[in-house]
S.K.: 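I'd like to ask some things about the structure below.
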Number of protein chains: 2
Amino acid sequence: MSTVIASDFSTRDRVAATAAPLFAERGFTGVSMRDIAEAVGIKAASLYNHYADKEALYFAALALVFSRRVALVEDALKATGTPRERLKAMVSALVQATAGDPVAARLLQRELLDGDIKRFERLVVDVFGRPFAHMTALLTELAPGGDGAQTAAYLISLIHGYCVFAPIFPALDPALTTDTSVLADNLAEELLGRMERPRP
Amino acid sequence: MSTVIASDFSTRDRVAATAAPLFAERGFTGVSMRDIAEAVGIKAASLYNHYADKEALYFAALALVFSRRVALVEDALKATGTPRERLKAMVSALVQATAGDPVAARLLQRELLDGDIKRFERLVVDVFGRPFAHMTALLTELAPGGDGAQTAAYLISLIHGYCVFAPIFPALDPALTTDTSVLADNLAEELLGRMERPRP
DNA sequence: GCCAGCCTAACTAACGTTCGTTAGTAGGAC
DNA sequence: GTCCTACTAACGAACGTTAGTTAGGCTGGC
């Protein structure tokens, strides 16, 4: 079937794009169809002209946001230069993709909490599989002795975890950095320092 | 009929203890008073004999779970021995408190996502402030040149992030460890290695 | 004149919560 | 021992509200 009409296309996407930050902020059950409709500027019933039900709308929002995020990271992984430069570019892109896109980060977080794990695994493999493999390859290349995949997993965990905790860190210690570029620099330096001194 | 006696003051606590894993699993809006009541074995209306409203019940569940978690970490921080042993004990306790108590980890995560940040900051300072200060002190003692608080923040972020991602890591790479004791060992070794070779 | 896309209106189900009531229990006064 | 009272914690029924969803009618560009 050929895709039909352009005008249909645009409202449909506008609905998903409008819904995404709402879902990110309040979660699936925390956002009503009426909330979304109001934000878009139409009535709730009209949403059903574009999506079969609330779940379909939710998945469309997820897909939209995650594909944007993946594109960002993939671009950075294509960077060329010295290994040092490539690693720094990758870490910054990852930090940027997490800290700079709170909607994506929160949706990911919520899916990790709420989602049916089997269904979500599929999404993760499809969407995050390739960037993860690229990261693993780069890290393995830089430190042939180490476990690139494991390091990548730690890296992702740390960045994501830090961005989640970021809002409350100042309350624990005002000196803690909330500047994400500092975070990126610290992590890149740390990784480089570790790799230049391979451990037994 | 001696069962009646036990119910007198314990029902209130039983309600909070039963509700906690439900809130952890499905979130505040995802759990109804009827769900909780059914899990406890009473009717929804009866819950109001013990808690003013749903929010009060939710806070009671939070307090119950978090206090348990803090006690665990605080105990480990009292450990004595060589600095090396104390650091390992601390890291394991932190990993254990996160990976071994998914209810606490998920509730924390949900509060970070959903909660009113001002209100939550208060809770964090009251509940997590002391263990965090102890961790900072230990890390500063072990590496006088470094920033103990920043390292503690990274450590907490990594552990929490890893435990959140743990269910889906195997889908990305089957070799990734989901064994939390391995995680604890890796982190402790990494920190020790870094501290024994102070960076410029 | 067609039809996609919006609308109003309505539906059922579920929500948190309140109400009046009831069974069981503990403690005095007689 | 037996009333009387006060209290607790459970209950079923119902409240008003909001949820997701559906049916059917209006409108404007093709």
Side-chain angles (χ1 to χ4, degrees), chain A residues 1-62 64 107 110-111 114-116 119, chain B residues 1-62 64 107 110-111 114-116 119:
Chain A
M1 60 185 177
S2 58
T3 40
V4 218
I5 296 171
S7 75
D8 169 64
F9 215 67
S10 86
T11 13
R12 192 184 145 89
D13 285 355
R14 212 173 79 243
V15 168
T18 308
L22 296 178
F23 282 132
E25 195 61 37
R26 309 207 292 271
F28 182 80
T29 55
V31 179
S32 72
M33 294 297 268
R34 286 170 177 83
D35 291 337
I36 298 168
E38 190 183 1
V40 174
I42 60 178
K43 298 296 173 181
S46 305
L47 294 173
Y48 291 85
N49 290 315
H50 306 284
Y51 296 99
D53 53 22
K54 190 186 182 185
E55 259 205 357
L57 201 170
Y58 178 69
F59 288 139
L62 279 193
L64 183 73
L107 281 175
R110 289 196 181 278
E111 267 303 293
D114 294 337
D116 171 18
R119 164 169 63 71
Chain B
M1 287 313 195
S2 56
T3 53
V4 184
I5 299 171
S7 77
D8 185 32
F9 88 105
S10 81
T11 312
R12 190 185 147 89
D13 288 349
R14 214 172 77 244
V15 167
T18 307
L22 295 179
F23 282 132
E25 196 61 39
R26 308 207 292 271
F28 182 80
T29 54
V31 179
S32 72
M33 294 298 267
R34 287 171 178 83
D35 291 338
I36 297 167
E38 191 182 1
V40 174
I42 60 178
K43 298 296 172 184
S46 305
L47 293 174
Y48 291 84
N49 288 318
H50 305 284
Y51 296 99
D53 53 23
K54 191 184 181 185
E55 260 207 355
L57 202 170
Y58 178 69
F59 288 139
L62 278 193
L64 184 73
L107 283 175
R110 288 196 182 279
E111 269 301 293
D114 295 336
D116 171 20
R119 165 170 61 71

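Letters A, B, ... are given to chains in the order of the sequence lines, protein chains preceding strands, and every chain is numbered from 1. The figures here come from the full heavy-atom set of this structure, side chains too, leaving out hydrogens, waters and symmetry mates.
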S.K.: How would you list, by chain and number, every residue that makes a side chain to side chain contact (heavy atoms under 4.5 Å, CB included) with B:Leu64, sequence neighbours excluded?
M.R.: B:Ala16, B:Ala17
S.K.: Distances under 3.5 Å between protein N/O atoms and the N/O atoms of nucleotides 20-23 of chain C, please, pair by pair.
M.R.:
none

S.K.: Report the distance from atom CG of A:Asp53 to atom P of D:dA19, rounded to the nearest whole Å.
M.R.: 17 Å
S.K.: Can you tell me how far C1' of C:dC15 sits from CG of B:Leu47, to the nearest Å?
M.R.: 14 Å
S.K.: Could you note down all residue pairs passing salt bridge (Lys or Arg N to Asp or Glu O under 4.0 Å) where residues 32-55 of chain B supplies at least one of them, sequence neighbours left out?
M.R.: B:Arg26-B:Asp35
S.K.: Select one nucleotide: of D:dA10, D:dG20, C:dC7, the one nearest the side-chain heavy atoms of A:Ile42.
M.R.: C:dC7
S.K.: Could you state the NZ-P distance from A:Lys54 to D:dG20, rounded to the nearest angstrom?
M.R.: 4 Å
S.K.: Is there a donor and acceptor pair closer than 3.5 Å between the side chain of B:Asn49 and the base of D:dA10?
M.R.: yes
S.K.: Rounded to whole Å, how long is the line connecting atom OH of B:Tyr48 with atom P of C:dT18?
M.R.: 7 Å
S.K.: Which of residues 16-41 of chain B sit near DNA chain D, with a heavy atom under 4.0 Å from it?
M.R.: B:Arg34
S.K.: Go through the structure and list residues passing ring-ring contact (aromatic ring centres under 6.0 Å, His included) with A:Tyr58, not counting sequence neighbours.
M.R.: A:Phe23, A:Phe28
S.K.: What integer distance in Å separates A:His50:NE2 from C:dA4:C1'?
M.R.: 9 Å
S.K.: Write down the distance between OH (B:Tyr51) and P (D:dA9), rounded to a whole number of angstrom.
M.R.: 12 Å
S.K.: Listed by chain and number, what are the side chain to side chain contact (heavy atoms under 4.5 Å, CB included) partners of B:Thr29, not counting sequence neighbours?
M.R.: A:Thr29
